[in-house]
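Input: a single structure, listed below in structure tokens.
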Amino acid sequence: MSSRAPKRPASYRKQPSQLFIKLFTGCFLLLLAVAAVRLFSVQILQARTLTQEAENQRITQTVTPAQRGTIYDRQGNVLAKSVLVYNVSADPTLISSKQVVAQRLMQAFGGKAATYESLLSRKGRYCLLTKKVAPDAVAAFEKSAELSADDSESTKELKREMQTLAFTQDYKRVYPSATVASQIVGFVNADGKGVAGMEMRYDSVLQGTPGVSFSERDQAGNPIPSGIQKTIAPKPGHDIILTVDSQIAYYAQKQLDAAVKAHNATAGAVVVMNPNNGEIYAASSSPTFDPNDLKDTTNDAIRNRALVDLYEPGSTFKVLTLAGGLQSRILKPSTIFTVPYSLQIGSHVVKDADIHGTETLSVTQIIRESSNVGATRMAEKMGLDTFYKNLESFGLDQEPGVDFPGSTKGYLAPEKSWSKILLSNASFGQGISLTPVSLSRCVSVVANGGSLVTPHLLADVPADPQEKPDWASQSKQILDPSVCQQSTEILKGVVTKDRLAVPGYVSAGKSGTAQIAEQGKGYATGEYASSFIGYLPADKPQLLCLVVIFEPKGGSYYGAAVAGPTYADILGYAAAQLKIPQASQATGQGQAPQAATGGTTDHD
């Protein structure tokens, strides 16, 4: 038997070699397929994206801010403007003398040297050192780089490093009038976007369009002479002119602040407007703020209560009850009512301000004495349907239309939910809510002969008149002129006290003292909104003023005593500022007497 192993066939010896070749070929084909897929992805699927990325690395885009439009008052005084400033940046890789440069930056622009040094020590080729520095500060810094007489290499190198800093143009919003009409004007945020007041309301008109520059650069950041170099200049925003009168706004704010302080009140609001066309000369509240310094400013100071806050107006609302009754022809000025001191309505008792026996009062006397019981009798005689339709005609269930952020319609409960007590309360301005500017709008109807106008703040956009709404087309006649004349004659008799009359003018007005409602709790004990509203000249009004003092403490809280003197003071100043002729100037006769006969002074 042979001991040799059997001889393997030649085909068996070739098998490992063939397996290796097949494996190698498979891997090669797989790699080739991956490469093909990758090539397809890069060349076809990602071509546009990668081309854009490469272009972005090569092309530098610089945005140039647009100058925001200026806000003017009706006399051409600047309320808000944008001034040229610079943002300072650097390429940290180009600055080796970081400590020395940081010291120079501190001396020129303020801040802390350590902060600048820390910024210059960061990795990367760009860092923002400081923002919105004045041009004179930039000039001082550039001058400091040339002052040294030292001609050493180190000094030359420092100068070169300082000259690598970049100064890009920007704008800073400033408010030259500070607190004057600040709650109307509002302010912008750090990005230059309007976030309050007219800055917000007309942001799209004011902001303009930023410019942009495209520059093709090499790897070192240097412009390529033959590359893309294109600049699109910024387009400045439009200027706007407001109906506001800075002088009236300043005086109104000063007197309102003084009244709030004198009566230890929580806040106050004032509206001064033209009752014929709705132009607002002043509208603000106390406390207020300075938009140049927002560091410690509160939302309470920014909020313009005159334009956005709802409140129950109290007896100033009797003007609407009076006008509606006369318009319905259900009431006349001479219509007589029996008026006790108090009146039981269901489980509620309605009382007058002063204790008195049962009286027989005409509509004229009810308004002049501001009797709540008398107003209730008037509303009952009108009936709920007529009374409610009157309030609807005055637009109480609609937006007042004022062009201000946060402006809102009043609260008027649906007619089907009204009760006898709500009808009574509404007749003297409780149980319904509206803003001070909305009440001013309603009383303007009586003042101007029956037209419901739209209160507004924008007077003009000189560069683009189409941006200005057609305010006049929005007005509508809701009262007969004869009704307005009768109402005015009655309201003349309210303004009989020396501190309510405006010397040289015959005026008409109404006071109000309203309880302040608490959400879900009824009325707060001892908290009132004291107000007075009126207009002049009574027979051809050109000016209306409303003053509201919220939660006065100590002494009287009646509207005539608390808000009345401030109202008369502001109204008289505004009349002089607008050069409204006095009665003696208009008639050629002596000083006009203020008091009208046939009534007593408003007790509210």
Intermediate values then yes/no, side-chain contact (heavy atoms from CB on, under 4.5 Å), R305 and F550 = CA-CA 10 Å; R305 289 176 175 80; F550 296 99; 4.2 Å; yes

Audit row: D257, Q253, side chain to side chain donor-acceptor pair (under 3.5 Å) steps and yes/no | CA-CA 6 Å; D257 289 343; Q253 186 71 57; 3.0 Å; yes

Where do L307 and S407 land on the side-chain contact (heavy atoms from CB on, under 4.5 Å) test, with the steps shown first?
-> CA-CA 6 Å; L307 301 179; S407 172; 5.8 Å; no

Test side-chain contact (heavy atoms from CB on, under 4.5 Å) on Y171 and L84 and set out the steps.
-> CA-CA 5 Å; Y171 290 95; L84 181 65; 4.3 Å; yes

Would N304 and S285 satisfy side chain to side chain donor-acceptor pair (under 3.5 Å), going step by step from the backbone distance to the final call?
-> CA-CA 6 Å; N304 193 330; S285 58; 4.5 Å; no

Stepwise side-chain contact (heavy atoms from CB on, under 4.5 Å) test for V205 and H238 | CA-CA 6 Å; V205 177; H238 294 323; 3.7 Å; yes

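In this structure a side-chain-to-backbone donor-acceptor pair under 3.5 Å is missing from Q577 to Q247. Here the side chain of S118 pairs no donor or acceptor atom with the backbone of A114 at under 3.5 angstrom. Between the E161 side chain and the S96 main chain, a donor and an acceptor come within less than 3.5 Å of each other. Using a distance-only test at 3.5 Å, with no hydrogens or angles considered, a donor-acceptor pair links the side chain of N276 to the main chain of P541. Counting only distance, with no hydrogens or angles, the side chain of N274 and the backbone of E279 share no donor-acceptor pair below 3.5 Å. Judged by distance alone, with hydrogens and angles left aside, the side-chain atoms of R68 form a donor-acceptor pair with the main-chain N or O of G192 at under 3.5 Å. Distance alone, capped at 3.5 Å, places no donor-acceptor pair between the Q255 side chain and the D569 backbone. With hydrogens and angles ignored, the 3.5 Å screen pairs no side-chain donor or acceptor of D397 with any backbone N or O of Y411. Distance alone, capped at 3.5 Å, is enough to place a donor-acceptor pair between the N448 side chain and the S444 backbone. The main-chain N or O of A459 is found under 3.5 Å from a side-chain atom of K468 such that the two form a donor-acceptor pair.
D73 and I241 make their closest contact through O-CG2, 3.6 Å (heavy atoms, listed as atom of the first residue, atom of the second, distance). The minimum heavy-atom distance linking A301 with T297 is given by the pair CB-CG2, 4.5 Å. The two residues V502 and G572 have their closest heavy-atom pair at CG1-CA, 3.5 Å. The shortest heavy-atom contact between S284 and A306 is O-CB, 3.6 Å. Across L571 and L544, no two heavy atoms sit closer than the pair CD1-C, 4.3 Å. A pairwise comparison of heavy atoms in E399 and K409 identifies OE1-N, 3.4 Å as the closest pair.
For the pair V443/Y535, a side-chain contact is recorded, criterion being any heavy-atom separation below 4.5 Å from C-beta on. Inter-residue side-chain proximity for Y175 and S182 is flagged as unmet; no heavy-atom pair is nearer than 4.5 Å. A 4.5 Å side-chain heavy-atom check between I240 and D460 finds every atom pair outside the cut-off. Between S121 and K98, some side-chain heavy-atom pair lies under the 4.5 Å cut-off. Under the 4.5 Å side-chain criterion, counting only non-hydrogen atoms from C-beta, V461 is not in contact with D239. Taking 4.5 Å as the limit, every side-chain heavy atom of R173 sits out of range of all side-chain heavy atoms of N292. Side chains of F289 and T179 form no contact here, defined as non-hydrogen atoms less than 4.5 Å apart. With contacts defined as side-chain heavy-atom distances shorter than 4.5 Å, the pair V133/V138 qualifies.
With a 6.0 Å radius and a threshold of 12 heavy atoms from other residues, nucleotides or ligands, N299 has its CG atom at or below the threshold. Environment of CD in Q169: crowded, with over 12 heavy atoms of neighbouring residues, nucleotides or ligands closer than 6.0 Å. Atom NZ of K132 has more than 12 heavy atoms from other residues, nucleotides or ligands within 6.0 Å. For OH of Y250, the number of neighbouring non-hydrogen atoms (other residues, nucleotides, ligands) closer than 6.0 Å is 12 at most. Around the CE atom of M200, the shell of radius 6.0 Å holds no more than 12 heavy atoms that belong to other residues, nucleotides or ligands.
One finds a salt bridge joining R125 and D91 here, because a Lys/Arg side-chain nitrogen approaches an Asp/Glu carboxylate oxygen to under 4.0 Å. The pair K193-D203 meets the salt-bridge criterion, since a charged nitrogen lies less than 4.0 angstrom from a carboxylate oxygen.
Separation of atoms CG (L242) and CG (L458) is listed at 7.0 Å; rounding is to 0.5 Å. Rounding to the nearest 0.5 Å places CE of M162 at 10.0 Å from NZ of K159. Put simply, CZ on R104 and OG on S97 are 10.0 Å apart, with the number rounded to the nearest 0.5 Å. For the atom pair OG1 of T288 and NZ of K254, the computed distance is 15.5 Å after rounding to the nearest 0.5 Å. Rounding to the nearest 0.5 angstrom, the gap separating the CG atom in L165 from the CG atom in L120 is 7.5 Å. Rounded to the nearest 0.5 angstrom, L457 CG and F404 CZ are separated by 7.5 Å.
The only member of V244, L543, T243 that meets side chain to side chain contact (heavy atoms under 4.5 Å, CB included) when paired with Y281 is L543. L119 pairs with exactly one of L128, L105, L129 by the side chain to side chain contact (heavy atoms under 4.5 Å, CB included) rule, that one being L129.
Two rings, from F141 and F109, have their centers less than 6.0 Å apart.
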